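These numbers were taken from a predicted model, which means no experiment stands behind them.
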Amino acid sequence: MFKNIGSKIKKLSKFIAICGIIISIFIGIIIFTDENGDYIRGAIIVGLGILFSWIGAFVLYGFGELVENSSIIASQYKGNNIGSQKNNTTLLDGSGKFSSIDNNVNIPKEHE
């Protein structure tokens, strides 16, 4: 149920946006065909309902994207053994290139 939750959140955001747009149009049509025929209020409900459904989908979709990307980063973090018990550190050496050192190596006292 909670596997690949980022893509599920993104799919849910699309579903909620479509449902919100359809419901806004449906309510707008009901107000249009009402006995009073309040066309302006119906148009405002349709317009704002579509707009807010669309914006709400952006927010929820963005959250799903964040969850999905953080899962990818976490899996890469675990796969590369970064932060493992070896305590590896990446440094710039004198030539400007990155080099990896192991902090558990004993350094002679003359080089400290």
Side-chain angles (χ1 to χ4, degrees):
M1 179 176 175
F2 296 109
K3 296 282 184 183
N4 204 7
I5 193 72
S7 65
K8 290 178 185 175
I9 292 172
K10 293 185 335 185
K11 289 177 188 175
L12 178 66
S13 73
K14 292 177 186 178
F15 176 76
I16 289 174
I18 291 170
C19 287
I21 290 170
I22 290 171
I23 290 171
S24 298
I25 292 171
F26 183 70
I27 291 174
I29 290 173
I30 290 173
I31 292 175
F32 283 147
T33 59
D34 192 18
E35 294 175 2
N36 299 333
D38 196 0
Y39 299 113
I40 294 174
R41 191 173 70 177
I44 290 173
I45 288 174
V46 169
L48 290 179
I50 290 172
L51 180 68
F52 288 137
S53 296
W54 190 49
I55 291 172
F58 282 159
V59 173
L60 191 57
Y61 191 90
F63 179 70
E65 191 75 22
L66 284 172
V67 170
E68 193 172 56
N69 288 340
S70 65
S71 296
I72 292 169
I73 291 169
S75 67
Q76 289 176 347
Y77 184 80
K78 291 176 186 175
N80 291 334
N81 292 327
I82 299 172
S84 67
Q85 293 177 353
K86 290 180 93 177
N87 197 14
N88 288 334
T89 306
T90 303
L91 300 172
L92 280 172
D93 62 9
S95 66
K97 296 180 182 176
F98 287 101
S99 65
S100 181
I101 63 168
D102 190 339
N103 287 339
N104 293 332
V105 174
N106 293 327
I107 300 172
K109 293 194 182 234
E110 59 195 38
H111 294 289
E112 288 184 331

[atom2] on [Y] to [atom1] on [X], rounded to 0.5 Å:
{"X": "Ile9", "Y": "Ile16", "atom1": "CD1", "atom2": "CD1", "value": "10.5 Å"}
{"X": "Ser13", "Y": "Ile18", "atom1": "OG", "atom2": "CD1", "value": "9.5 Å"}
{"X": "Tyr39", "Y": "Thr33", "atom1": "OH", "atom2": "OG1", "value": "9.0 Å"}
{"X": "Ile45", "Y": "Ile23", "atom1": "CD1", "atom2": "CD1", "value": "13.0 Å"}
{"X": "Lys10", "Y": "Leu66", "atom1": "NZ", "atom2": "CG", "value": "10.5 Å"}

Q.
Using the rule given for side-chain contact (heavy atoms from CB on, under 4.5 Å), can you reason through Glu68 versus Glu65, listing the C-alpha separation, both sets of side-chain angles and the distance that settles it, and then say yes or no?
A. CA-CA 5 Å; Glu68 193 172 56; Glu65 191 75 22; 4.1 Å; yes

Q: Please identify each residue that fulfils side chain to side chain donor-acceptor pair (under 3.5 Å) with Ser7, with sequence neighbours left out.
A: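 With neighbours one apart ignored, the set is Asn4.
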
Q.
Once ring-ring contact (aromatic ring centres under 6.0 Å, His included) is applied, do any residues pair with Phe63, and if so which ones, sequence neighbours excluded?
A.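 By the ring-ring contact (aromatic ring centres under 6.0 Å, His included) rule, Phe63 matches no residue at all.
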
Do [X] and [Y] land in one hydrophobic cluster if side-chain heavy atoms of ILVMFWY residues count as linked below 4.5 Å?
{"X": "Ile30", "Y": "Ile44", "answer": "no"}
{"X": "Val46", "Y": "Ile21", "answer": "yes"}
{"X": "Val59", "Y": "Phe15", "answer": "no"}

Q: Report yes or no: does Ser53 contribute a side-chain atom to a donor-acceptor pair with the main-chain N or O of Ile50 at less than 3.5 Å?
A: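 No: the side chain of Ser53 does not pair with the backbone of Ile50.
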
Q: For Lys8 and Lys3, indicate whether the former's side chain and the latter's backbone hold a donor-acceptor pair under 3.5 Å.
A: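 Yes, because the side chain of Lys8 sits within donor-acceptor range (under 3.5 Å) of the backbone of Lys3.
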
Q. Would the number of heavy atoms belonging to other residues, nucleotides or ligands and lying under 6.0 Å from CD1 of Ile55 be above 12?
A.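 Yes, enclosed.
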
Q: For the pair Ile27 and Ile31, evaluate side-chain contact (heavy atoms from CB on, under 4.5 Å) and give the outcome as yes or no after the intermediate values.
A: CA-CA 6 Å; Ile27 291 174; Ile31 292 175; 4.0 Å; yes

